[in-house]
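Working notes for the structure below.
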Amino acid sequence: MQYWLMKSEPGELSIDDLANLPGKKIEWFGVRNYQARNFMRDEMKKGDLALFWHSSCKEPGIYGIVKIATSPHPDSTQFVVTSHYYDPKSNIENPRWWCVDVELLQKTCYISIGTLRNHPELGDLQVLQKGNRLSVTKVSAKHWQILNKLLNG
DNA sequence: GCCAACGTTGGC
DNA sequence: GCCAACGTTGGC
């Protein structure tokens, strides 16, 4: 079992958007970065857990916990000509962009990035590193335990 | 809206 | 395959 952190802009897909979907489940569409894609395509397993993070907003931080609900599959939006995420260089036979579906397990209390920075034991969490831009990152089991206490304690 | 950090592109 | 120029991300 691997733990992850996945970023979403609230204007794109908010935690409440997700909570209001049928089955609270959605394709994690729109990732157009190779490193993040590789994590999803090559390393994510159905049943893995991930922190749901809001970025590019007034209050960045953790808002929930999601479960990886499917095996990796091609991102459907890359083939939709009218989509913002359409990629003319991709094709059905050899899709360039891959993703998974996620299901909301728990809408948690909000933990701000500032709060996280106040916990020295979380210092090397990737999302807190300077210059971090990856929208999908790994979370160690140790960090996950600490975060779970913060989220539920 | 600023800007540092990082990723991608493309000419050579 | 180098690297300058450009684009994007995302906290502040």
Side-chain angles (χ1 to χ4, degrees), chain A residues 2-21 24 26-44 48-68 72-140 142-151:
Chain A
Q2 172 72 55
Y3 301 103
W4 304 93
L5 183 148
M6 300 170 85
K7 294 185 196 168
S8 176
E9 299 182 18
E12 194 73 13
L13 175 76
S14 76
I15 187 86
D16 289 324
D17 293 341
L18 180 54
N20 289 327
L21 287 170
K24 303 184 178 186
I26 195 170
E27 176 183 26
W28 201 258
F29 62 91
V31 171
R32 295 294 179 267
N33 167 284
Y34 288 105
Q35 213 179 330
R37 177 208 66 181
N38 291 348
F39 277 153
M40 289 196 286
R41 186 190 62 183
D42 304 334
E43 297 196 45
M44 270 191 187
D48 282 358
L49 299 178
L51 300 165
F52 186 102
W53 180 280
H54 272 167
S55 63
S56 292
C57 58
K58 228 174 188 176
E59 297 182 311
I62 299 169
Y63 285 82
I65 296 175
V66 297
K67 182 175 75 177
I68 309 308
H73 56 79
D75 179 334
S76 66
T77 61
Q78 69 194 302
F79 306 121
V80 180
V81 180
T82 54
S83 168
H84 176 243
Y85 295 110
Y86 175 62
D87 184 352
K89 291 182 190 164
S90 186
N91 62 78
I92 302 267
E93 292 73 31
N94 186 21
R96 175 180 290 196
W97 304 112
W98 292 69
C99 66
V100 294
D101 290 9
V102 304
E103 177 191 341
L104 182 64
L105 283 190
Q106 185 191 356
K107 202 174 138 178
T108 62
C109 61
Y110 165 58
I111 300 189
S112 74
I113 190 166
T115 300
L116 293 173
R117 289 196 199 285
N118 284 335
H119 288 265
E121 67 272 31
L122 293 172
D124 48 354
L125 193 67
Q126 197 172 349
V127 78
L128 300 180
Q129 303 314 303
K130 192 175 180 186
N132 160 77
R133 282 172 34 182
L134 258 194
S135 67
V136 178
T137 52
K138 289 185 179 179
V139 176
S140 71
K142 184 185 139 211
H143 283 155
W144 185 268
Q145 272 191 335
I146 297 167
L147 290 162
N148 246 303
K149 276 187 195 158
L150 291 179
L151 291 164

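Proteins come first, then strands; the chains are lettered A, B, ... in the order of their sequence lines, and each starts at number 1. It should be emphasised that the depicted structure is a prediction, and the values quoted were computed from it without experimental measurement.
Residues satisfying the salt bridge (Lys or Arg N to Asp or Glu O under 4.0 Å) test with R117(A), not counting sequence neighbours, are none. Listed by chain and number, the residues in a salt bridge (Lys or Arg N to Asp or Glu O under 4.0 Å) with E9(A) amount to none (sequence neighbours excluded). Taking K107(A) as the reference, D16(A) meet the salt bridge (Lys or Arg N to Asp or Glu O under 4.0 Å) condition, with sequence neighbours excluded.
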Produce the list of close N/O pairs, under 3.5 Å, pairing protein atoms with atoms of nucleotides 8-10 of chain C; give distances to one decimal.
from    : atom 1 : to      : atom 2 : distance (Å)
dT8(C)  : O2     : R133(A) : NH1    : 3.3
dG10(C) : OP1    : K7(A)   : NZ     : 2.8
dG10(C) : OP1    : R133(A) : O      : 2.7

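For the OP1/OP2 pair of dC12(C) and a distance below 4.0 Å, the side-chain nitrogens and oxygens of R117(A) include at least one atom meeting the criterion.
Between L116(A) atom CG and dC12(C) atom C1' there is a gap of 16 Å when expressed in whole angstrom units.
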Acceptor/donor pairs from residues 86-94 of chain A side chains to any protein atom, 3.5 angstrom cut, sequence neighbours excluded:
from   : atom 1 : to     : atom 2 : distance (Å)
D87(A) : OD1    : K89(A) : N      : 2.9
D87(A) : OD2    : W97(A) : NE1    : 2.8
S90(A) : OG     : Q78(A) : OE1    : 2.7
S90(A) : OG     : R96(A) : N      : 3.0
N91(A) : OD1    : E93(A) : N      : 3.2
N91(A) : OD1    : N94(A) : N      : 2.9

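Pairs passing the ring pair (Phe, Tyr, Trp, His ring centres under 6.0 Å) check and including a residue from residues 98-127 of chain A, sequence neighbours excluded, read Y63(A)-Y110(A).
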